[in-house]
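Below is one structure, written out as structure tokens; comments come after it.
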Amino acid sequence: MTDMIEVEGVTKAFGGIVANNDITLAVPEGRITGLIGPNGSGKTTLFNSIVGYHPIDSGSIRFEGAEISDFRVQQIARLGLLRTFQQTRIYSKMNCVKNMLISVPHRHESYATIFKTYPPEVTEKAERLLEFVGLYEKRLLISGDLSFGQQKLLEFAMALMNEPKVLLLDEPTAGINPTLINGLIDRLKRATREFGITLFVIEHNMPVIMGLADNIYCLSNGRVLAHGTPAEIQKDGRVIDAYLGGHHAVDSEESD
Ligand code: ADP
Ligand code: MG
């Protein structure tokens, strides 16, 4: 099995805080890899390092075997490695299709491109992906009028517009009601099967990540504490201690 992402000995500090401390892990192709850990354990920092949002202090990050740790966000995105954010990032005054259209590359063009017409195949692709996430009926609604969970689905569809090879999802189910969570999990699994996308998912909802991921890494205090299948992680005493022994409960709210 090929590893799409290889993180080796990555360290990243903010002032005196070592957010990622000598992290080594791999994200295998075509699978769903989970990333868990208590609040402040360094999950979002690792995602930011992988996608080039900030430079790392030491270590190596490879994408499809090539070193990318010196690359910038746009370079890495062009290689097919994308992320979504803990906070939803959509244009709330535009309808869903418009959001989909402006999420594709050529972001360097002026704001005026938003008002241009798009080739029919691009619009068709947008509608097809909106159908995939269950938003086809709402495609012409102003996205600010969607429920929070539907906005998350829209954001996922927007990421798919870019045809990523690997998608990093930071807490995709946070703030979504249980019914939509099931729909989202189903879509994430289908995206790996039908589009061959590799997923790397931060999630603090334990039942969700146990049902979703093929394998899971657990961070604690910036280090990899454990790695294994969901069944192995679930009965790992170190993982349970990391959650219960810290200052945060498993289901605590996270902030960015
Ligand atoms: P998680 O996503 O697991 O909750 P984070 O990666 O957001 O954890 O944070 C890990 C640690 O790094 C925390 O102590 C946090 O306060 C710190 N941190 C994260 N980003 C920054 C930043 N931009 N500047 C300073 N400290 C940061
Ligand atoms: Mg986080």
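Bear in mind the structure is a predicted one, so any value in this text is a computation, not a measurement. Numbers here are sequence positions counted from 1. One-based numbering, in listed order, for ligands and for the atoms of each.
- Taking the six-membered ring for Trp and thresholds of 30 and 60 degrees, H227 and Y217 have nearly parallel ring planes, at less than 30 degrees apart.
- Only the side chain of I17 comes within 4.0 Å of ligand 1, counting heavy atoms alone; its backbone N, CA, C and O stay farther away.
- With I61 as the fixed residue, the side-chain contact (heavy atoms from CB on, under 4.5 Å) test singles out one of V51, I68, L46: I68.
- The closest heavy-atom contact to atom 4 (O) of ligand 1, among the options G16, G40, G42, A13, comes from G40.
- Looking at heavy atoms from C-beta onward, L81 lies in side-chain contact with I5 at the 4.5 angstrom threshold.
- Close approach of ligand 1 to T45 is summarised as follows: ligand atoms under 4.0 Å from at least one heavy atom of the residue are 5 (P), 6 (O), 9 (O), 10 (C), 19 (C).
- Close N/O approach between S41 and ligand 1 is found [any backbone or side-chain N/O within under 3.5 Å].
- Partners of S58 by side-chain hydrogen bond (donor to acceptor under 3.5 Å, both in side chains), not counting sequence neighbours: none found.
- Distances from the Mg ion (ligand 2) show that T45 has no N/O/S atom below 2.8 Å.
- By the rule that hydrophobic residues join a cluster once side-chain heavy atoms approach within less than 4.5 Å of another member, I90 and Y136 end up as members of separate clusters.
- If you number the atoms of ligand 1 from 1 as listed, the ones under 4.0 Å from a heavy atom of N39 come out as 4 (O).
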